[in-house]
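Structure, as structure tokens:
Quick caveat: nothing in here was measured; it's all calculated off a predicted structure. Numbering of ligands and ligand atoms starts at 1, following listing order.
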Amino acid sequence: MMLSKESVKNLSQWIGSAKKVAILTHTNPDGDAIGSSLALAQVLRKKQIDARVVIPDGLPDFLRWLPGIELSTTFAYKKEKAAAIIQEADLIFCLDFNDPERLNGVKDLILNSAARKVLIDHHQAPVCFADITISETWRSSVGEMIYQFVKEIFPEDLLDNDIATCLYVAIMTDTGNFNYASSYPEIFHVVGDLMKYDLEKDKIYSRVYDSFSLDRMRLQGYCMQHKLVVLPEYQTAYISLTDEELRRFKHRKGDTEGFVNIPFSVKGIRFTALFVEKKDRIKASFRSRGDFPVNKVAADHYHGGGHINAAGGDSFRNMEETLSYFESLLPGYAAHLSDN
Ligand code: 5GP
Ligand code: MN
């Protein structure tokens, strides 16, 4: 991370004089959001700062074991406590999102707060709402950025096994266990350093990835057998799930996480989509291999955005129309999505 001298000076000063810090992350948080937030909170607490994490909604089960999880408050369940943490903070860190819209109900509390704000993120095109924006879109994860940030701001070594574990979960989950967004030497230097804190790498993998319920496995099997649509002429595959189907498999939050990546195992697939019916909309997830920018698809047609190879948005049509609309877009992308 290459922070300017001025930014380092300001950040050091703000952190040095902060008594209470709130760390915010995005709605529907993932391993990077939670791992990087808890890591930063624990680092700041070592500096005698009362640092807390506020999650807008829904902490997935596979992250509940993370060290420092007791420092987090979920706004959707504990509105008053979460609001107080934000209102009392003299410094606010925003991690792993590029737009206050991703905060849902917490958005106004943040925008109305007089506290200094620091955004640390790796998504494209961050909205400028913070006093300092640290945006590095080529980074694997915010976890990696927090590692660099801590090294640059604090001269002493503030890492320990708990913090290294949180950072590793952030990096591991945002790269699909080093499957993508991780093809550069520096990330392995970071992981190499984290290993020095007796990181239990294999155990961490197992705690995150070997944690599915049987219902979730059955739902996955059902998707592969009955719901996977492959359109070889566009190197595209998609899966859709209605509310009725989700209920049939006793769906729990997070159960469809990762489904969007599975069709890449079919030879030739370069673009995948997952459509999941919610109360008032259909949530769309997109993934691609290579240089096909799914964030553009999400922004142009689904009120969304994201990264080049991973993006999402919403459809307000019914499921049938959502799927036919999606298929109707594909010829327009044929230049990207056909063999040549
Ligand atoms: P997922 O498909 O896992 O929900 O999201 C993948 C990525 O797409 C996220 O990391 C985020 O960058 C982006 N994303 C997902 N949903 C939305 C959305 O509704 N709006 C925006 N702007 N980005 C989204
Ligand atoms: Mn991330």
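The shortest heavy-atom distance from K283 to ligand 1 is under 4.0 Å. Heavy atoms of R102 approach ligand 1 to within less than 4.0 angstrom.
Other residues, nucleotides and ligands contribute at most 12 non-hydrogen atoms within 6.0 Å of the CD atom of E200.
Remark: aromatic rings of F292 and Y333 are close, center separation under 6.0 Å. Residues H336 and F271 place their aromatic rings such that the two centres sit no closer than 6.0 Å.
The protein atom (non-hydrogen) at minimum distance from atom 2 (O) of ligand 1 is S285 OG, 2.7 Å. Counting only heavy atoms of the protein, atom 20 (N) of ligand 1 lies nearest to G304 CA, 3.6 Å. Protein heavy atom at the shortest distance from atom 7 (C) of ligand 1 is A310 O, 3.7 Å. Among protein heavy atoms, atom 24 (C) of ligand 1 sits closest to G305 O, 3.4 Å. Ranking protein heavy atoms by distance to atom 3 (O) of ligand 1, first place goes to R287 NH2, 2.9 Å. For atom 17 (C) of ligand 1, the nearest non-hydrogen atom of the protein is G312 O, 3.4 Å.
For the pair K79 and F75, the cation-pi test (distance below 6.0 Å, angle within 45°) is passed. Note that R289 lies in the cation-pi zone of F264, set by a 6.0 Å cut-off to the ring centre and a 45° limit from the axis.
Among pairs with a residue in residues 57-67, those fulfilling salt bridge (Lys or Arg N to Asp or Glu O under 4.0 Å) read D61-R64, D61-R252, at least two apart in sequence or across chains.
With hydrogens and angles left out, the side-chain atoms of Y234 and E327 include no donor and acceptor closer than 3.5 Å. Looking only at atom types and distance, the side chain of T322 has a donor-acceptor partner in the side chain of S315 under 3.5 Å away.
Tally of protein N, O or S atoms closer to the Mn ion (ligand 2) than 2.8 Å: 4.
The distance from ligand 1 to the heavy atoms of G313 drops below 4.0 Å at these ligand atoms: 16 (N), 19 (O). Remark: ligand 1 atoms within the under-4.0 Å shell around heavy atoms of H123 are 10 (O), 11 (C), 12 (O).
Using a 4.5 Å cut-off on side-chain heavy atoms (C-beta onward), I69 and I34 make contact.
How far OG of S113 is from CD of E88: 11.5 Å, rounded to the nearest 0.5 Å.
The side-chain contact (heavy atoms from CB on, under 4.5 Å) with D96 is formed by just one residue from the set I146, L119, D121; it is D121.
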